[in-house]
Amino acid sequence: CTHHMTNITHHMHHQPKNNSALTMITADTFLEALKLPTDHPYLPQDARGLDFDKPDAPKEWSITNYFLSWKDSPSISPAMQASTPSIDCSSDFPMPSWAAKSTSNNVCSFEVEAAPPAIAAGSNSTSTEVSFLEEISPCLFAMFHMNLILWAPVVLLICLRRLLKKPLHSKQRKTNEIDEMVNKTNKQTTSSMPFSTTSSKSDPHPLAMNYLPVIANTKTNQITHEGKKKFKTSQDTLSFFALPTNVFSRAESQDEAAMSSPTGGYFTYVVGLFFSALVMTDPMYVFEFSQPTLVIVHLLIIILGIKRLGAKVAIYTALPVSIIAFYIMANQDLNLPPFSPGLYYDESNSLITTVVSKWPIDKRTYDDGRGTPWMMTGDTRTGLPFMFYKIPDIDFQRRWIPLPDEKEAVILDIAFPSNNIIESNKRVYLVLHGINGDSHEGYVADFVDRQVSQGNVVAVMVTRGLSDSPILGDNILHFARTKDVEAAAAALRSAIREVSGDGSLLLSGVGYSMGAITLSNYVATSGAHCDLDAAVAISGALDTREQVKFSRSASLWQPFITKALRDTLLSSFGNKIRNRLSQQQLQESIKAATLVDFDRTFFVPYHNFDGLEDYYSRLGAMGDLVSFDNKYSQGRIANVSIPLLCVHSLDDPVGYWGVYRRPEKVVHTGDGNTVVLFTKRGGHVGWPLGINPSIQAWKWMSEVASSFAEAVDVARKDQSTVVPSKKY
C-alpha cells in the first residue's frame, strides 16, 4: 500500500498543468538554470579549459583504430608516448600527448601509452609480458570468421551460377568429343581447298570463315561445286555478325574453359560445399532462412556436382563435409528465440495502455519490408551502418556534472535548436551512449540532429573517463554504477522545474547498447525517485547474467569491442590499473578475448566485486530477479515507476535475446510499467532502411525512441487531472 501511494505521489508530482499558452525558453536561460560549470570543477586551475575531445579516440566497433594507432608517431616507441600535463603526478591525469604540448609550467612528466600492451606508470614504467600476437589473436580469428560469415551468400551465389552453367555430365562430354573431331576434320579439309580463303575485296570479312561448316566430299576430300556455292552465299550473309559474335564468344569461352577443366569445376564444387555447410550450421542464417532451406541449398550443390563431375567424385568429396555439418547440426544448440516479435505490455496499466494507443504503429514497425533487403543477417545490419553512414556534425554546449562525494565530474554535452529557443510543449532528452563511445557516436549524433531540428533539447552524458575526460581518484568507470546518471537526471530535472514552473517539459532518457543497460538499471534502482518521465533502452539488456550463454557473440563480435575498450582504459589509466591489479591479473585482462572474460579479469578485481555473478547482478535491471511469481522475488525491476521501453532485435548478433527472459512476464513485473518491443530483424543498434540505407541512416531507431517519448507526453497530459489507477 505504501509503495502504491509513493508511486501515485511521484507521478502526480511530474504531471504538468494543462495550460494552452506556450512558454518560450532561451538556451541561455536553460543553461543558467542547470547551474553546471563549464570546466571540470576539481581540476587545478592551470589544467582547465583544455579540449578533452580526442578526434581519433577508438569507437565502439573500431578495430582498424588499433592497428593504425602507431602511424602518427613513428619516431616514438609503439608502447609509449611522452606527455607532460601541468598537474601533480599522483592524479594520473589522462592527457593525450597532442594536447599536453600546449601546456606550460609543467610540474612533472609521465608517459601515456599509445598502444598496449605496455602500461604507462610514471618514470618506473613497466610492460607486461604478453606478446603483441597473443593479444590480437582473438581479433584476427574473429575477423577471419566474420569475413567467412559475411561473404558466404555471395560466394554461394557465384558457385551456384557456375555449377548451373552447362553442366558437363557424361552425355555432354561425349558430344564435346564428337564436336572436337568434326572441327579437326574441317580444319584439315579447309587446308586442301582449291581456292584461296585469304581476305580480298570480294570477301566481306575474313572472320566469317571461322563460323561456317565446310561441306566436304569424304571420298575425294575435295570441295564440291555445291558446297563452294553454299559457302560463298553463307559467307556474305553472316559477315555483318561475324566480328561481334567472335568477341562475345571469347569472353564466354573463357568462363566455360575454366569450368570445363577438371580443376576449375572441382574447386567451385568444393567451395560451394564448404560455404553451404557453413551457413546451415550458423544460428544467424538458420534464424533468417530456416535450417531446412539451407539444407536444400547444400543438397542442390551436391546434385549439381554429380552432374558436372560424376557421382563418384562428387559423393566422395561431399561425404566428409556433409557428415561434419550434420553432426554439428545434431549436437549444436542454435539457441533460437522461443517467442515471437511484437509489442509486449501490461494492458491493465491505464497509462501504458494510453501510451500505446497514442504511439503510431508505423513508428514502431520494422518487419514490414522497409528494411534493407540486401543485408541478409543481423551481422550485416550491425556492422555495415557504421561503415557507410555519414555522421552529422553537432554543436554541443559542454557542462560538467560535479560528483562532490568523489571529487570527480562527468561530461554533459547539450545541444539546442538552431534558434536557441525551447517551447514548453517540446521535450528534453538525456542520452547515454555505447560502451566505448561519446557524444559524437554515430547513432547518438543521428538522434541529436533529428531532435534539435524539431525544437527539442538533447543532453548526452559521457561515461566517466571516456572522451579523454580526467578521473582524479581511483574510481574509474564500470557499468554497474548508476549514480552518474542519477546526478545528470537530477540536474536536468531541476533546470526544467526552474525554467518551466509547471514541469511541462518532458524529460526522457534514451540509452544505446551499454548505455541502455545502465539506463534501465538506473530506472529500476531509483524506483519512485526516478527523475525521468520516460525511458527508452535500445539494444540493451535487463538480466546480464544471461549474456554469458551467447557463445556466437563471444567469438565473433566481442573480441573487437573488448579490444577497443581495453585500449582506452589502459592508455588512459595505466598508473591506476598498475596500482590496483597484480601483474598476473593485468596479463589476464590483456589476453581476455571476450567482454565476459574482460569483466571477470578486469572490472571484478579492480572494483572489488565478489565475482562475475556479483558484478552482473548489479549491472542489469533484472540482475537480482529470482522468479516472476511476486514482487519480492522479482527484484528491482518491480520498482520501475515510469514508462520504460526496451527495444531489441531478435537477430542481434551482440546482445542476447535471452537477457529479457520471458517478455510476457517482464511486462507484468511491479506495476506493469515496462514495455518490450521485439523486431525480427534489425541487428544491434542498426535497423537500416531502404535499398541505400545511408540516406536515412539510423532514422528508424531515432524515431522509435522519440515517438514513444512523445506518446508518453501526450498520454500524461491527457491524464493530468486524473488520479492514476491502482496499477499506476
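Predicted model only: the values in this text are computed from it and were never measured.
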Handout entry: Inter-residue atom distance Asn673.CG - Leu645.CG, 0.5 Å rounding
Key = 12.5 Å

Handout entry: Crowding at CH2, Trp374 (>12 non-hydrogen neighbours, <6.0 Å)
Key = yes

Exercise for the section: Return the orientation label for the Phe603 and His607 ring planes: parallel under 30°, perpendicular over 60°, tilted otherwise. Expected result: parallel

Exercise for the section: Kindly determine whether Lys591 and Glu588 satisfy salt bridge (charged side-chain N to carboxylate O under 4.0 Å, His left out), including the steps that lead there. Expected result: CA-CA 5 Å; Lys591 291 188 291 185; Glu588 290 177 353; over 6 Å; no

Exercise for the section: Return yes if a side-chain donor-acceptor contact under 3.5 Å exists between Ser322 and His298, otherwise no. Expected result: yes

Exercise for the section: Could you tell me if the ring centre of Trp687 sits under 6.0 Å from that of Tyr443? Expected result: no

Handout entry: Atom pair CG (Asp651) and CD (Glu288), whose distance is rounded to the nearest 0.5 Å
Key = 6.0 Å

Practice task
Describe, in one word, how the ring planes of Phe609 and Tyr615 are oriented to each other, choosing from parallel (under 30°), tilted (30 to 60°) and perpendicular (over 60°).
Solution key: tilted

Exercise for the section: Determine whether more than 12 heavy atoms belonging to other residues, nucleotides or ligands lie under 6.0 Å from atom CZ of Phe339. Expected result: yes

Practice task
Please confirm whether the backbone N or O of Met143 pairs with a side-chain atom of Asn147, one donor and one acceptor, at under 3.5 Å?
Solution key: yes

Exercise for the section: Answer yes or no for Arg580 and Tyr606: cation-pi contact, defined as NZ/CZ to six-membered ring centre under 6.0 Å and angle to ring axis within 45°. Expected result: yes

Practice task
Without swapping roles, check the side chain of Ser520 against the backbone of Ile517 for a donor-acceptor pair under 3.5 Å.
Solution key: no

Problem - Aromatic ring proximity, centroids under 6.0 angstrom, Tyr389 and Trp698 - result: yes

Problem - Sub-6.0 Å ring centroid separation between Tyr660 and His648 - result: yes

Exercise for the section: May I ask you to decide if the ring planes of Phe289 and Tyr285 are parallel, tilted or perpendicular, using 30° and 60° as cut-offs? Expected result: parallel

